[in-house]
Every structure is written in C-alpha cells, then in structure tokens.
2 protein chains.
Amino acid sequence: MSYSYDYPHPAVTTDIVIFTIRQDELKVLLIKRALPPHQGAWALPGGFVNLDESLEEGARRELAEETGVSGVYLEQLYTFGRPDRDPRERVITVAYYALIPTDTIEIRAATDAEGVSWFGMNELPELAFDHREILDMAQRRLVDKLDYSTIAFQFMPKEFTLPELQQVYELILGEALDKRNFRKRILSLGLVMETGKERKAGAHRPAKLYRSIHPDRVEVIK
Amino acid sequence: MSYSYDYPHPAVTTDIVIFTIRQDELKVLLIKRALPPHQGAWALPGGFVNLDESLEEGARRELAEETGVSGVYLEQLYTFGRPDRDPRERVITVAYYALIPTDTIEIRAATDAEGVSWFGMNELPELAFDHREILDMAQRRLVDKLDYSTIAFQFMPKEFTLPELQQVYELILGEALDKRNFRKRILSLGLVMETGKERKAGAHRPAKLYRSIHPDRVEVIK
DNA sequence: AAGTATAGTGTGCTTTCTACACTAAGTCAA
DNA sequence: TTGACTTAGTGTAGAAAGCACACTATACTT
C-alpha cells in the first residue's frame, strides 16, 4: 500500500519525555532503538501520529505501547522541526512531557530491562536525533512550572506527606528549602486536605498524610 | 508530479497570529480566503511548510508572502492537530505569534484592503477552521507574558516614551496602571536607556525618549 | 528510661507592593 | 505676556509578602 499527495508531506511524530522520581532522583524513561537510524542508541519513546487520532491521543498511544504507562499528566512541550533532524525523511515531532507518580507499579522498564530503562538526569547516555535538546527543554519547563503551578503534585501518589512533597521540590530544584516556609506556602494554597491518617516510616514521629483536592488538575498559582 | 509514502502523512502548516497596536487597540492581521474551504472567510495568515525549511523559517516566509511583514519577533505558540480541523485532509498546524511595532510602515493590509485587514480583538469576524481557538490562545499567552517578560517592548518603535509604553500595557491588560509604580518597575529593570531626546506631542510638557538596550531580546523578569 | 530520628510549629526582620497628590514644562488663546 | 490647559515627571508611608531561624512532639530502639 502506498499513499500519494500532490505536494511533499513531512512525517509527523510525537515524542514523550516521561519524568518520575525514583531513588531520590529525577529520572526519565528512555527506550533503546531496535532499528536504524541510531540503532542501539537510547531515545525518547514516541512514534508516528495516525491520521485518525489527535496529537495528544497519539502521544498517549505511543506511551502505552512502548512503556505500558497510561492515565498520566501529559502536556505539550514544543514542536521540533529542523529539516535535517531525521536522516530518513523530513520528520516533525510534537514533543510532550509526562509526569508519573512515584508509586506507580513497576512498568515495562523493569520487566524488559533490555529495551526500556530509567535514567537519572545526571547519568544520561548519548541520545538519538535531537532528543537531548527536547529533554533539556522539558526539564527547564518542569523547573519553571514548579514555581507557578501545582505540577509537582503529579509526582505524588494519592496520599502523601508534606516532607515527601518537599523532597520532590528539592530534588527538581536542586536546592534545600525551609521546612516551615514550604509548609506555609503549600497549606495556604488550600489545595491539599488531611486524610486523618499517618505514615509511620521508622523510629520517629509519623507524618500526617494529605491528599490533593483536585488530583487531576494542575493549577496556576500566585 | 506526485509524492508517495509507505504510510499516510498529514500535511503540516504554520499559522501566524500577528499582533500590533493601532488606534489605541490591540489588533490582529487577518486575510480573506480566496479558495475553498471556508472561501471568503477571514483566517490567520499561514501555509504549508516546505521540506527544506524549518518551521520558523516557514512561518516567516508565509508571513512575508501574505502580508509583507518581516524581521519581527516570532515565537512558537502551540501545535494544533485535531483530526477534523481541516475538511480536505489531515492538517497539523504549528501556530506562531508575532508582534510588530506600532510605527511599522503600512503593510499590505493598507494597499490591498480587499484581502488583508487589521481587526480589533473586540470586532473579530467569524474565522475559518479553528483559527478562533488559536487566536484566543495567543492573546492569553500575550497577556501572561506581559507580567513576567519584556515582550511588550516588541510593540514599541526604536525610540519611545514611558507613557507610550504604559499605554501598551494598559491596552493589552485592559486596565489602568499607576503611573509612578509603572515607571519605577520599568526603570528598575535597567533595560531601557534615555536617548537625551524628547517627544513633543501637543500643548504640554514633552516626554523623554527611551530606547531598549536589547531591542531584539525578550527577557524574562522577576 | 534514655537515645535517636524525623515531624511539626511561630515570630521578627527585610523586601516588595500598593495607594496616593503635587510640581514641571510645554502650547494656546485672550 | 500671562493665565489656563494638558500631559510628564517625581516620593513616601503603610500593607503585604518573603525569608531566616530553633525548639518541642512523637514515634521506635536498645
């Protein structure tokens, strides 16, 4: 089967930067390319957009197919279209980034360790195509959004403690935050509520568990 | 001539939202569609991306071809790709927005008044495709960026007065600003310098002329 | 019962934001 | 030439927000 057009058409793909927090580190999910070009190199998950699906649907589909991840926060990042970014043909990619909670059951990265793996942002391998550029922009966007939105909540499981949330902020920002000021700020947003439960985590006072009031919404603040 | 591919490819276009300030109003440049679909309807300038040009180059080329505008501030806005947004075939559009200074010599909108025209944001006609959605997002982005960047400077000619700049802010935000606080804020950025000249504009004290220190840069502030 | 580890809480100082009113410098008309 | 008019340009004080900082509470362990 072949598809013909009166004038040349580029290929359109989506690529997805999937962040999570594991082992006290911001990590990104990469897949090992099985085919040329860049065979054997690590790359962002993604692929061609079908004609009957929206861009976001395409991104979610690729994400599910290649990594088993679904139902996560997904946001469009930027569209990359340098003419030479793919050696095969002209390929324009609409990049998305996704945030997945820390307690998500181990995904394909664990079971199929050959082809899919988490990488810490400080131990990145060489990436295929311009994926390094995409990843860098995603990280910048994430850091920026921490300041003026509740995007960090998307990393948290349904119930979480304030020290856990603070740790997420500190990992992404790369700096320590004052505990009291952090709590004041978060609580004053009025976007988390106590569950009444506590999390016991060792030989010390247990922390109160909270949950997000609008777990699926990312709100702009301040 | 015909172009064939092993699997279906969408068409990729750029559409450009061009803002300026005229007659004390935020205006956008629209073109009247000469061909179906939506023949006779107003639409954003834009068109198909060539295979040998980047997305931004494509946007600049279309902008120049259709409106005569060039050398302006251009930023990628968002990529729109609903499967049914164009009745002919699957079309994905990478939307950009452009800001042009108020003193730019009259562009094609003036000479070819049939096909190209400025519209105030409160007197918009029905727009083709999903262009209304694109335009609304561009306006939101502009309003947001006013707060944390020097994007408004892109509306100003090489030399401008602080009251003129304030008026631009007020028009876009739709609210009055305090003159003293506004001046303090702008001057404290250290991004404008006095030219030593003044603008006489009627039967009253003349205003000092300033110019931007980095006219081509949009800086993130605060 | 004492030791240890993390959770949880309040205050004062500094900086930033906001509201607000008069003088300066030009033109125009009587 | 002078007074009326119009817009440009300037400072300050009170309010709010941001920031630094140290001790008590509660669990577990030995």
Side-chain angles (χ1 to χ4, degrees), chain A residues 21 23-24 102 143-144 146-150 152 156-157 159-171 173-211 219-222, chain B residues 21 23-24 102 144 146-150 152 156-157 159-171 173-212 219-222:
Chain A
I21 310 277
Q23 301 148 238
D24 294 343
T102 56
V143 170
D144 289 348
L146 268 202
D147 252 12
Y148 66 87
S149 82
T150 57
M156 308 311 291
E159 303 194 339
F160 56 89
T161 69
L162 293 188
E164 285 164 1
L165 182 62
Q166 181 174 349
Q167 203 187 138
V168 167
Y169 272 83
E170 290 178 336
L171 285 171
L173 294 174
E175 61 181 343
L177 300 176
D178 180 86
K179 202 201 316 188
R180 281 167 290 194
N181 294 337
F182 179 79
R183 297 177 145 257
K184 258 179 292 181
R185 196 154 56 84
I186 297 297
L187 293 174
S188 74
L189 297 175
L191 296 174
V192 296
M193 61 182 297
E194 293 190 21
T195 64
K197 290 180 276 182
E198 294 183 331
R199 170 164 295 158
K200 296 192 218 274
H204 54 82
R205 179 172 178 176
K208 289 185 191 168
L209 282 164
Y210 290 82
R211 70 158 178 272
E219 322 227 4
V220 173
I221 55 184
K222 251 192 331 174
Chain B
I21 310 275
Q23 299 148 239
D24 294 342
T102 56
D144 288 349
L146 225 47
D147 251 12
Y148 66 86
S149 82
T150 56
M156 309 311 292
E159 303 194 338
F160 56 89
T161 70
L162 293 187
E164 284 165 1
L165 182 62
Q166 181 173 352
Q167 205 188 136
V168 168
Y169 272 82
E170 290 178 336
L171 285 170
L173 293 173
E175 61 181 343
L177 300 176
D178 180 86
K179 200 200 318 187
R180 280 168 289 193
N181 295 337
F182 178 81
R183 298 177 145 256
K184 258 179 292 181
R185 197 154 56 82
I186 297 296
L187 293 175
S188 75
L189 296 176
L191 295 174
V192 296
M193 61 181 297
E194 294 190 21
T195 64
K197 289 180 274 184
E198 294 184 333
R199 170 164 295 158
K200 296 191 215 274
H204 54 81
R205 178 172 179 176
K208 289 183 191 168
L209 281 164
Y210 291 81
R211 70 160 178 272
S212 185
E219 322 227 3
V220 172
I221 53 183
K222 253 191 333 177

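The chains referred to below are lettered A, B, ... by the order of the sequence lines, with proteins before strands, and numbering in each begins at 1.
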F160(A) CZ - dA7(C) C1' separation (whole Å): 16 Å
Nucleic acid contacts of residues 197-207 of chain A, taken as heavy-atom distances under 4.0 Å to DNA chain D: K200(A), G202(A), A203(A), H204(A), R205(A), P206(A)
In whole angstrom, give the distance that lies between atom CD of E170(A) and atom P of dT6(C). 13 Å
Rounded to whole angstroms, how far apart are NZ on K179(A) and P on dA20(D)? 16 Å
Answer yes or no: is there a donor N or O on one side and an acceptor on the other, between the side chain of E170(B) and the main chain of L177(B), under 3.5 Å? yes
Where do R185(A) and S188(A) come nearest, in terms of heavy atoms and distance? O-OG, 2.9 Å
Rounded off to whole Å, could you give me the CG-to-C1' distance for the L165(B) and dG9(D) pair? 15 Å
Atom CG of L189(A) and atom C1' of dA17(D): how far apart are they, to the nearest Å? 14 Å
Got a donor-acceptor pair under 3.5 Å from the side chain of K184(B) to the base of dT12(D)? yes
Over how many whole Å does the gap from F182(B) atom CZ to dA19(C) atom C1' extend? 17 Å
Pick base, sugar-phosphate or nothing for R183(B), based on heavy-atom distances below 4.0 Å to the nucleic acid. base
Would you mind reporting whether Y148(B) and D144(A) have side-chain heavy atoms less than 4.5 Å apart? no
Would you kindly give the CD1-to-C1' distance between I221(B) and dT16(C), to the nearest whole Å? 14 Å
Separation between CD1 (I186(A)) and CG (L162(A)), nearest 0.5 Å, reads 7.5 Å
Starting at the 5' end of DNA chain C and moving along, which residue's nearest nucleotide shows up first, K222(B) or R180(B)? K222(B)
CZ of R183(A) to CG of D178(A): how many Å apart, nearest 0.5 Å? 11.0 Å
Whole angstrom is fine here: how far is it from OH in Y148(B) over to P in dT16(C)? 22 Å
Base, sugar-phosphate, or nothing: which does K208(A) touch, judged by heavy atoms less than 4.0 Å apart? sugar-phosphate
For the pair T102(B) (side chain) and I21(B) (backbone), establish whether a donor and an acceptor sit closer than 3.5 Å, ignoring hydrogens and angles. no
Does N181(B) get its side chain close enough to the base of dC17(C), under 3.5 Å, for a donor-acceptor pair? no
Between P206(B) and E198(B), what is the shortest heavy-atom contact and its length? CG-OE1, 3.2 Å
